[in-house]
Amino acid sequence: MKPRQIQMSQTKLWAVIPAAGSGSRFSKTQLKQYQTIQDKTVLEYTIERLNTLPLAGYVLAIGEQDNIAKTLPFIASEKVHFCLGGAERVHSVLNALHYLTTIASDEDYILVHDAARPCVSAENLKDLVEYCMLRDTSAILAIPVRDTLKFASDQHIQKTVSRDYLWQAQTPQIAKLGTLRHAIENALADQINITDEASALEYAGVSVDVVQGRSDNIKITYPDDLELARLILVSQQ
């Protein structure tokens with residue numbers, strides 16, 4: 001069976017990958033996106049997955065001292081753009097959006113995806129993009145919360161929290177360029193804590209939907225996650 005193709009209109013699709021973070025939970029000295037799995041960096045896997053979509057281009061927001069990203073043999077290298085990242089993830093994303101403003105339309109769709117999520121499936125990526133384009137909306141990949149949740153203070157359980165209506169956010173998260181840029185700019189101006197793109201859109205009153213993803217779309221956060229990512233990537237081949 002041939003893979004499903006997304007039919008693009010005049011509206012273009014771009015990807016933003018914030019890759020300037022310190023990743024201190026992974027290592028004080030090593031960036032998780034440059035760890036290797038079977039002779040390929042995590043970031044290369046991530047870019048490879050994103051390029052299963054008909055991207056007009058993708059922007060990597062990297063740190064000022066990063067001397068690795070521009071040396072990697074990315075797939076669809078003719079589509080890669082680089083910009084300087086910021087102090088926090090949200091600043092890196094905003095810098096990339098400002099960069100895209102010079103070459104893209106405010107009506108173009110922007111996928112923002114974590115550099116350290118190499119296992120996102122091509123099918124989920126297509127589902128997310130098609131969902132948004134058909135409905136002219138913003139959305140994120142997410143999975144329903146499965147485990148029993150406890151609210152605890154000082155390690156003492158205070159109550160059990162209902163799982164009903166709770167979703168665990170993933171990336172990519174998608175919105176139109178102008179909508180997302182304005183939402184992040186306004187939230188930062190109001191000193192709102194932005195943990196992901198959806199939180200900025202929510203603050204701006206923009207409707208954001210959830211598209212069900214998969215539990216194997218893990219974010220590499222700790223060293224042990226590398227082996228899990230390797231097993232997932234092997235199983236997906």
Side-chain angles (χ1 to χ4, degrees), residues 17-37 41-43 45-46 61 63 85-94 112-121 124 128 138-174 183-184 186-236:
I17 305 96
S22 63
S24 58
R25 284 179 291 179
F26 183 89
S27 168
K28 296 296 184 184
T29 58
Q30 296 178 308
L31 294 177
K32 54 193 175 184
Q33 64 264 29
Y34 299 134
Q35 302 306 300
T36 57
I37 300 174
T41 64
V42 168
L43 185 55
Y45 281 107
T46 298
E88 303 290 341
R89 181 184 189 278
V90 64
H91 302 108
S92 292
V93 171
L94 185 57
V112 182
H113 188 55
D114 296 326
R117 281 191 193 268
C119 304
V120 62
S121 74
N124 272 178
L128 179 66
S138 304
I140 70 171
L141 282 183
I143 55 174
V145 171
R146 298 175 177 177
D147 298 326
T148 299
L149 299 178
K150 303 293 184 181
F151 180 86
S153 177
D154 296 324
Q155 294 186 287
H156 297 294
I157 294 174
Q158 305 297 321
K159 62 179 178 178
T160 299
V161 181
S162 173
R163 292 172 298 187
D164 294 344
Y165 312 113
L166 293 181
W167 292 72
Q168 179 180 328
Q170 300 179 337
T171 67
Q173 304 193 358
I174 184 172
I184 292 177
N186 292 339
L188 288 176
D190 291 346
Q191 298 184 317
I192 300 300
N193 183 34
I194 301 302
T195 56
D196 65 355
E197 292 66 55
S199 59
L201 294 166
E202 293 159 29
Y203 179 72
V206 177
S207 177
V208 184
D209 292 352
V210 292
V211 174
Q212 185 160 344
R214 292 171 25 161
S215 59
D216 59 2
N217 180 17
I218 67 166
K219 182 179 181 181
I220 296 173
T221 304
Y222 300 103
D224 288 351
D225 295 333
L226 269 179
E227 176 61 16
L228 178 57
R230 185 189 70 80
L231 293 171
I232 292 171
L233 289 168
V234 168
S235 72
Q236 291 177 339

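Position 1 is the first residue of the sequence; numbering continues from there.
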Partners meeting side chain to side chain donor-acceptor pair (under 3.5 Å) with [X] (sequence neighbours left out):
{"X": "Thr160", "value": "Lys150"}
{"X": "Thr171", "value": "His113, Asp114, Arg117"}
{"X": "Ser121", "value": "none"}
{"X": "Gln236", "value": "Arg49, Asp216"}

Could you tell me which non-hydrogen atom of [X] sits nearest to which non-hydrogen atom of [Y], and how far apart they are?
{"X": "Tyr34", "Y": "Thr41", "value": "O-CG2, 3.9 Å"}
{"X": "Val208", "Y": "Ala198", "value": "CG1-CB, 4.2 Å"}
{"X": "Pro172", "Y": "Leu128", "value": "O-CD2, 3.6 Å"}
{"X": "Ala229", "Y": "Ile220", "value": "CB-CD1, 3.8 Å"}
{"X": "Pro18", "Y": "Val112", "value": "CD-CG1, 4.1 Å"}
{"X": "Ser92", "Y": "Ala20", "value": "OG-CB, 3.7 Å"}

Any [X] side-chain heavy atom under 4.5 Å of [Y] side chain:
{"X": "Leu188", "Y": "His91", "result": "yes"}
{"X": "Gln170", "Y": "Ile143", "result": "yes"}
{"X": "Tyr203", "Y": "Asp190", "result": "yes"}
{"X": "Leu166", "Y": "Leu149", "result": "yes"}
{"X": "Val211", "Y": "Ile140", "result": "no"}

Practice item. Could you list all the salt bridge (Lys or Arg N to Asp or Glu O under 4.0 Å) pairs where at least one residue sits in residues 138-148, not counting sequence neighbours? Key: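 Residue pairs with at least one partner in residues 138-148: there are none.
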
Check your understanding: Does any pair with a residue in residues 196-208 pass salt bridge (Lys or Arg N to Asp or Glu O under 4.0 Å), and if so which ones, sequence neighbours excluded?
Key ->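 Listed once each, the pairs are Arg89-Glu197.
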
Residues that [X] engages under side-chain contact (heavy atoms from CB on, under 4.5 Å), provided they are two or more places apart:
{"X": "Leu228", "answer": "Ile218, Ile232"}
{"X": "Ala115", "answer": "Ile17, Ala19, Gln33, Leu43"}
{"X": "Ala204", "answer": "Ala183, Val206"}
{"X": "Glu227", "answer": "Arg230, Leu231"}

Review point. How would you list, by chain and number, every residue that makes a salt bridge (Lys or Arg N to Asp or Glu O under 4.0 Å) with Arg163, sequence neighbours excluded?
Key: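 Scan of Arg163 (salt bridge (Lys or Arg N to Asp or Glu O under 4.0 Å), adjacent residues dropped) gives none.
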
Review point. Checking side-chain contact (heavy atoms from CB on, under 4.5 Å) for the pair Leu141/Val120: CA distance, chi angles, key distance, verdict?
Key: CA-CA 10 Å; Leu141 282 183; Val120 62; 3.9 Å; yes

Check your understanding: Looking at OG of Ser199 and CG of Asn193, how far apart are the two atoms once the value is rounded to the nearest 0.5 Å?
Key ->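 One gets 7.5 Å once the value is rounded to the nearest 0.5 Å.
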
Check your understanding: In this structure, are over 12 heavy atoms from other groups packed under 6.0 Å from Gln212 atom CD?
Key ->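 Yes.
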
